[in-house]
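These values consider heavy atoms only, across backbone and side chains, with no hydrogens, waters or symmetry-generated copies.
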Amino acid sequence: PLEIGNLIWLDQNENGVQDAEEKGISGVQVSLYDKNCTKVASVISGTNGEYLFNQTNVDINKDGTPDGLEYDADFFIIIDDALTMARCFR
């Protein structure tokens with residue numbers, strides 16, 4: 001099955017790589033949107049900052065039943081509370 005996701009962390013040195021001292025951030029709401037800007041899933045990052053979108057939580061046709069991801073489809077990941085996160089790490 002297809003999956004999208006991985007990890008939310010504060011990239012302190014802004015190099016795009018998670019370094020050993022850069023820990024994951026828990027409790028962050030992350031949403032997945034399709035190419036029409038329709039939200040198809042939302043999750044909260046886990047204890048170590050992990051998150052995942054897959055056949056258990058993505059509802060493409062919006063009927064209340066998870067469908068999973070579609071091959072050759074465009075998706076966008078949005079951190080729903082980016083402003084609050086930015087304030088936390090000033």
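At least one donor-acceptor pair closer than 3.5 Å links the side chain of N15 to the backbone N or O of V17. Using a distance-only test at 3.5 Å, with no hydrogens or angles considered, a donor-acceptor pair links the side chain of D11 to the main chain of G16.
Smallest separation of non-hydrogen atoms from E22 and Q12: OE2-N, 2.9 Å. Of all non-hydrogen atoms in Y51 and L7, the two that sit nearest each other are CE2-N, 3.5 Å. Of all the heavy atoms in A41 and F53, the pair that sits closest is CB-CD2, 3.6 Å. Considering all non-hydrogen atoms of both residues, L32 and V58 come closest at CD2-CG2, 4.0 Å.
Criterion: ILVMFWY side-chain heavy atoms under 4.5 Å apart, direct or through other members. Under it, I79 and L10 are part of a common hydrophobic cluster. V43 and L2 end up in the same hydrophobic cluster when Ile, Leu, Val, Met, Phe, Trp and Tyr side chains are linked at under 4.5 Å.
The line from CH2 of W9 to OG of S45 is 13.0 Å long, rounded to the nearest 0.5 Å. Here the OG1-OH distance, from T38 to Y33, works out to 9.5 Å after rounding to the nearest 0.5 Å. Here the CZ-OG distance, from F76 to S31, works out to 14.0 Å after rounding to the nearest 0.5 Å. Rounding to the nearest 0.5 angstrom, the gap separating the CD atom in Q29 from the CD1 atom in I8 is 11.0 Å.
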What side-chain donor-acceptor pairs closer than 3.5 Å can you find for residues 65-74, not counting sequence neighbours?
| residue | atom | partner | partner atom | Å |
| --- | --- | --- | --- | --- |
| D67 | OD2 | I60 | N | 2.6 |
| D67 | OD2 | N61 | N | 3.0 |

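Partners of E3 by side-chain contact (heavy atoms from CB on, under 4.5 Å), not counting sequence neighbours, listed by chain and number: L52, N54.
Counting non-hydrogen atoms of neighbouring residues, nucleotides and ligands closer than 6.0 angstrom, the CD atom of E14 reaches no more than 12 such neighbours.
Between F75 and I4, some side-chain heavy-atom pair lies under the 4.5 Å cut-off. Looking at V30 and S42, their side chains never come closer than 4.5 Å, going by heavy atoms from C-beta outward.
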